[in-house]
Every structure is written in structure tokens, then in C-alpha cells.
Amino acid sequence: MDSRHFFLLVADVEGKVLKFNKGFERLNPNPSNLQFSEMLSPNSVEEFNYSLELMLGSPKIRRHLMLDHPALRAEGFSQVWWEFSVVTTPEMDISGIIGIGVGMQFLEQDMPWNNLVDVLGFGEIVLDSDFKFLSWDEKIKSWFDPEKENWSERNLSDVFFLSRL
């Protein structure tokens, strides 16, 4: 929630902003109860509204969208890569939309792709050119038990936990 790199949005089924993080306030200083589409360029409004209809019709799908936010131009960028998902109750009633976005300048300049893993807190696995395991970090050890399963120098597709990827 405190990230200044990522945008977080929770909206109702009509696209009205309900909850957001500090980074999202850069789109509008007081976004509560505004329509998310009011913060978009005209072309992006159409794309977002179309995606909203698709998601509400099929709540299990996710939508990845590159949307233009004119308010961000002063910061040297305006495009944000968003992932939207529908929030449902256990009975599959739609209760809202959640979106997580990251500015393209962050992806292109501030944080090279090979370091994004560190920012998102994912574990790291090192493979050789033949996709055999060379090493893994502590986070991977906490999720799996690579030593018990003996991942060392095994091919990525031969490991039970990863064979379905």
C-alpha cells in the first residue's frame, strides 16, 4: 500500500474508486468516489470500459491493459501497465474490481526487468543453459524443500513442483 512505484486501486463494479494507495494519488489528489475512467485519456476510457464489461461477464479472467493517464505527464510518463481482476464473494457474487499498475518509466528505466524480481519479493532460482538447477535462495527453501527432493543439477521440467509450468 505504501509503494510509490506501484498503483493499487479497488473499485466498485461501475468503476468508482473505493480504495487506493499513496502512489495512486498521483493520478488525482482526491480520487475517492471518482470514476477510474475520469483519470484516463479518451482512447484508454474505451479500452477500460470494454475490459470492465468482459471481466464482469467472466469474473475469473484477468485483463492486462496499457492505459494512458494524462495527469502523469508532468512526471515524465503517462502510460501505466495495469492488471485488473474481479473480486468475488465465496458465492461468486461480484463485489468489485482490483487493479495493480506500474508506470512504464519504472519498467523501462528505473528498474530493469532482471531486478523486478527483487522488488516484488519473489524467490530466485539459478539455472544453467540446459535449464538444470544450479542454486536457489532462502525464499525458495521456505516455499519448497529442494534439498529433500534433490533439485541439484536436475532439469527444471523434471521437478515435481515445477513440472506443470
Side-chain angles (χ1 to χ4, degrees), residues 1-126 136-144 156 161-162 164-165:
M1 286 296 283
D2 295 330
S3 174
R4 56 185 194 86
H5 297 295
F6 296 93
F7 301 96
L8 177 66
L9 155 78
V10 178
D12 67 11
V13 294
E14 295 170 349
K16 185 169 62 172
V17 177
L18 301 175
K19 201 168 187 179
F20 51 89
N21 70 345
K22 292 272 187 209
F24 189 80
E25 289 179 331
R26 292 186 294 172
L27 301 177
N28 188 305
N30 190 12
S32 291
N33 295 319
L34 288 177
Q35 292 296 118
F36 177 69
S37 58
E38 293 176 29
M39 300 172 212
L40 301 171
S41 68
N43 288 341
S44 289
V45 169
E46 290 177 28
E47 191 171 352
F48 174 73
N49 288 337
Y50 173 72
S51 291
L52 187 59
E53 287 178 33
L54 288 176
M55 288 187 300
L56 295 176
S58 251
K60 291 187 178 186
I61 67 168
R62 288 187 192 135
R63 294 291 293 176
H64 296 94
L65 302 170
M66 178 70 71
L67 299 176
D68 187 53
H69 295 274
L72 293 173
R73 286 202 177 97
E75 295 189 36
F77 72 101
S78 65
Q79 292 185 319
V80 175
W81 182 253
W82 286 95
E83 178 179 299
F84 292 100
S85 298
V86 174
V87 179
T88 59
T89 65
E91 294 80 29
M92 288 304 291
D93 293 328
I94 298 171
S95 59
I97 306 292
I98 188 166
I100 299 174
V102 62
M104 284 305 295
Q105 101 296 347
F106 178 73
L107 296 176
E108 292 172 348
Q109 300 162 5
D110 294 344
M111 180 59 64
W113 279 104
N114 60 343
N115 292 332
L116 193 58
V117 166
D118 298 331
V119 172
L120 296 176
F122 295 145
E124 182 177 309
I125 295 173
V126 178
W136 45 84
D137 68 7
E138 290 300 314
K139 190 159 271 193
I140 296 297
K141 283 183 183 179
S142 71
W143 293 340
F144 304 103
L156 179 66
F161 285 108
L162 304 173
R164 289 171 265 146
L165 297 177

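Taking the side-chain contact (heavy atoms from CB on, under 4.5 Å) definition, one finds that Glu91 meets it with Thr89, Asp93, sequence neighbours left out. Residues meeting the side chain to side chain donor-acceptor pair (under 3.5 Å) test with Ser44, sequence neighbours left out: Ser41. In terms of the side chain to side chain donor-acceptor pair (under 3.5 Å) criterion, residue partners of Trp82 (sequence neighbours excluded) are, by chain and number, His69.
You'll find the ring centres of Phe20 and Phe36 outside the 6.0 Å limit.
Between Pro31 and Met39 the shortest heavy-atom distance is CB-CE, 3.7 Å. A pairwise comparison of heavy atoms in Asn30 and Leu34 identifies O-CD1, 3.7 Å as the closest pair. Here the shortest heavy-atom pairing between Ser37 and Phe48 reads CB-CD2, 4.4 Å.
Side-chain atoms of Val86 and Ile97, non-hydrogen and from C-beta on, do get closer than 4.5 Å to each other. Using a 4.5 Å heavy-atom cutoff, the side chains of Leu72 and Leu27 are in contact.
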Donor-acceptor contacts, no H, no angles, side chain residues 52-67, under 3.5 Å, sequence neighbours left out:
unit_1 : atom_1 : unit_2 : atom_2 : d
Arg63  : NE     : Ser51  : OG     : 3.1
Arg63  : NH2    : Ser51  : OG     : 3.2
His64  : NE2    : Glu83  : OE1    : 2.8

Can you list, pair by pair, the side-chain donor-acceptor contacts under 3.5 Å of residues 6-17, counting residues two or more places apart and other chains?
unit_1 : atom_1 : unit_2 : atom_2 : d
Asp12  : OD1    : Glu14  : N      : 2.9
Asp12  : OD1    : Gly15  : N      : 3.0
Asp12  : OD1    : Lys16  : N      : 2.8

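Sequence neighbours left out, not one pair with a member in residues 32-50 passes salt bridge (charged side-chain N to carboxylate O under 4.0 Å, His left out).
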